[in-house]
Number of protein chains: 2
Amino acid sequence: MKLSGGVEWALHCCVVLAGMQRPVPAARLAEFHDVSASYLAKQLQGLSRAGLVRSVQGQSGGYLLTRAASEITVLDVVEAVDGDGRTFVCTEVRQRGPLAAEPASCTAPCPIARVMWNADRAWREALRAVSIADVAEDVTRASGTEALPRVRAWLGAVAR
Amino acid sequence: MKLSGGVEWALHCCVVLAGMQRPVPAARLAEFHDVSASYLAKQLQGLSRAGLVRSVQGQSGGYLLTRAASEITVLDVVEAVDGDGRTFVCTEVRQRGPLAAEPASCTAPCPIARVMWNADRAWREALRAVSIADVAEDVTRASGTEALPRVRAWLGAVAR
DNA sequence: TCTACTCGGACAACTTGTGTCCGAGTACCG
DNA sequence: CGGTACTCGGACACAAGTTGTCCGAGTAGA
């Protein structure tokens with residue numbers, strides 16, 4: 001039960017992309033975060049597939065958020081990178097073995113699965129309640145009001 | 001972000017072990033659930049290490065809950081089998097790269113990590129709120145009042 | 001039209017989870 | 001009291017998912 005490490009990178013990328021007007025190349029995002037450019041590219045592809053970011057090809061291309069940061073939840077990013085499959089899969093153990101339950105009596109989900117899925121839902125709801133804009137605000141509160149603008153200026157600067 | 005499959009088996013085992021007076025061998029639990037005996041043994045070892053079940057060696061040995069089912073939460077079982085490590089690990093990305101934050105300004109956890117950990121806490125709380133006894137009650141409600149006693153009789157019967 | 005720069009998916013290496021096995025230890029039975 | 005059969009426990013292979021990397025397709029700009 002460990003979350004993919006790329007989720008952290010993707011979240012950081014979305015936060016710094018908030019408020020960006022021009023596309024930012026993946027290589028520049030990787031340099032900024034000091035992580036593998038090739039691997040970060042893969043995570044950004046996941047965000048692109050999910051429709052969270054828009055990719056612009058060609059010179060002066062890069063990635064850009066498709067909508068306002070307040071309209072993108074943390075859950076969106078997590079599911080885009082890590083997959084939206086359920087964390088718990090019920091293999092219907094009750095229908096196996098010598099005292100197997102009748103399939104007809106299994107219209108309702110297994111009680112164990114219900115508990116796990118409820119917890120899963122709570123987890124997702126907590127992530128859905130926070131938007132990227134909320135996170136950016138927290139960063140500003142923690143690191144000062146001029147931290148994010150400085151980052152955006154660095155990202156927007158033309159190639160060294 | 002997928003939960004270990006052994007968690008499901010361990011939960012089913014704990015539910016059927018509830019109310020058992022005599023130890024039940026791992027092989028019998030495996031036969032009942034129609035799963036690999038060798039692999040289920042490993043999961044039960046995890047439960048034993050966590051102190052949830054007590055192992056009795058020798059003939060007519062097996063596993064037994066160490067305390068009442070109402071005193072064992074689903075979270076206990078999940079953490080015993082799957083590990084109690086956090087689902088999200090913060091690698092302190094903010095302290096890396098060209099615009100790295102000062103370590104002195106990082107006394108508080110990263111805002112991103114805080115969000116993830118809050119969701120993690122919500123997930124664990126939901127699992128902690130449900131005990132094995134609660135699950136057993138749900139099973140009785142779903143499968144009839146005589147379902148669990150029949151299972152216990154089958155498990156307690158001497159080897160074929 | 002050409003060039004340079006971008007993303008996108010296909011291709012390996014590795015850590016983690018899955019599955020299995022045999023040895024150490026103990027209760028029962030003769 | 002000794003032997004035996006049964007139990008758990010940890011050490012040992014196998015497979016899958018994740019991590020990491022690469023090169024080709026496509027496009028904006030000069």
Side-chain angles (χ1 to χ4, degrees), chain A residues 1-10 13 17 20 22-31 33-64 66 78 80-83 85 87-89 91 155 158-160, chain B residues 1-10 13 17 20 22-31 33-64 66 78 80-83 85 87-89 91 155 158-160:
Chain A
M1 187 65 170
K2 191 175 154 291
L3 206 53
S4 166
V7 170
E8 183 183 13
W9 301 0
C13 284
L17 279 178
M20 272 292 180
R22 297 171 172 278
V24 181
R28 184 151 270 253
L29 286 168
E31 185 186 358
H33 292 113
D34 188 24
V35 297
S36 160
S38 310
Y39 190 40
L40 180 63
K42 178 182 289 245
Q43 317 300 342
L44 292 170
Q45 284 174 31
L47 296 180
S48 175
R49 240 174 277 158
L52 300 179
V53 300
R54 188 65 185 167
S55 68
V56 180
Q57 280 202 346
Q59 198 165 352
S60 74
Y63 287 101
L64 211 52
T66 55
V78 170
V81 174
D82 198 66
T87 61
F88 180 85
V89 286
T91 60
L155 288 175
V158 285
R160 47 185 163 167
Chain B
M1 187 64 171
K2 192 174 155 290
L3 206 52
S4 166
V7 170
E8 183 183 13
W9 301 0
C13 285
L17 279 177
M20 271 293 180
R22 296 172 172 279
V24 182
R28 185 151 269 253
L29 287 168
E31 185 187 359
H33 292 113
D34 187 26
V35 297
S36 160
S38 311
Y39 190 40
L40 180 62
K42 179 183 287 245
Q43 318 300 340
L44 292 171
Q45 284 174 30
L47 295 180
S48 175
R49 243 174 273 157
L52 299 179
V53 300
R54 189 63 184 167
S55 68
V56 180
Q57 280 203 346
Q59 199 166 352
S60 74
Y63 287 99
L64 211 52
T66 55
V78 171
V81 174
D82 198 66
T87 61
F88 180 84
V89 286
T91 59
L155 288 175
V158 285
R160 45 184 164 170

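Naming: A, B, ... by sequence-line order, numbering from 1 per chain. Treat the numbers as computed from the prediction; the structure is a model and nothing was measured.
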Testing the basics here: between [X] and [Y], what is the closest heavy-atom pair and its distance to 0.1 Å?
| X | Y | answer |
| --- | --- | --- |
| B/Tyr63 | B/Ala41 | OH-O, 4.5 Å |
| B/Leu3 | A/Met1 | CD1-SD, 3.4 Å |
| B/Ala37 | B/Ala30 | CA-CB, 3.5 Å |

[atom1] of [X] versus [atom2] of [N]: gap in Å, rounded?
| X | N | atom1 | atom2 | result |
| --- | --- | --- | --- | --- |
| A/Gln59 | C/dT1 | CD | C1' | 15 Å |
| B/Met1 | C/dG17 | CE | P | 13 Å |
| B/Arg54 | C/dA27 | CZ | P | 11 Å |
| A/Gln43 | D/dG20 | CD | C1' | 10 Å |
| A/Asp82 | D/dG17 | CG | P | 13 Å |
| B/Trp9 | C/dG17 | CH2 | P | 15 Å |
| A/Tyr63 | C/dC5 | OH | P | 18 Å |
| B/Gln57 | C/dT26 | CD | C1' | 6 Å |

Inter- and intrachain pairs under side-chain hydrogen bond (donor to acceptor under 3.5 Å, both in side chains), touching residues 35-50 of chain A, at least two apart: A/Tyr39-A/Gln43
Residue mapping more 5' on DNA chain D - nearest nucleotide basis, A/Leu3 or A/Gly58: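 The residue closer to the strand's 5' end, by nearest nucleotide, is A/Leu3.
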Output, in order, the C-alpha distance, side-chain angles, deciding distance and verdict of side-chain contact (heavy atoms from CB on, under 4.5 Å) for A/Leu44 and A/Val53. CA-CA 8 Å; A/Leu44 292 170; A/Val53 300; 5.5 Å; no
Nearest to the side chain of B/Ala26, which nucleotide is it out of D/dC8, C/dG8, C/dG9? D/dC8
With a 4.0 Å cut-off on heavy atoms, is [X] in touch with a base, just the backbone sugar-phosphate, or nothing at all?
| X | result |
| --- | --- |
| A/Gly5 | sugar-phosphate |
| B/Arg49 | sugar-phosphate |
| A/Gly6 | nothing |

Please check this pair: side chain of B/Thr87 against backbone of A/Lys2, looking for a donor-acceptor N/O pair closer than 3.5 Å.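 Checked: no pair found.
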When you measure from the side chain of B/Ser4 to the backbone of B/Asp82, do you find a donor-acceptor pair of N or O atoms at a distance under 3.5 Å? no
5'-most by nearest nucleotide on DNA chain C - A/Lys2 or A/Gly61: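 The residue mapped nearer the 5' terminus is A/Gly61.
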[X] side-chain N/O to [N] phosphate OP1/OP2 under 4.0 Å:
| X | N | answer |
| --- | --- | --- |
| A/Ser48 | C/dG8 | yes |
| B/Gln45 | D/dG10 | yes |
| A/Ser4 | D/dT19 | yes |

Under 3.5 Å between N/O atoms: give me all the protein pairs with nucleotides 21-23 of chain D, atom names plus distance.
residue	atom	partner	partner atom	Å
D/dT21	OP2	A/Ser36	OG	2.6

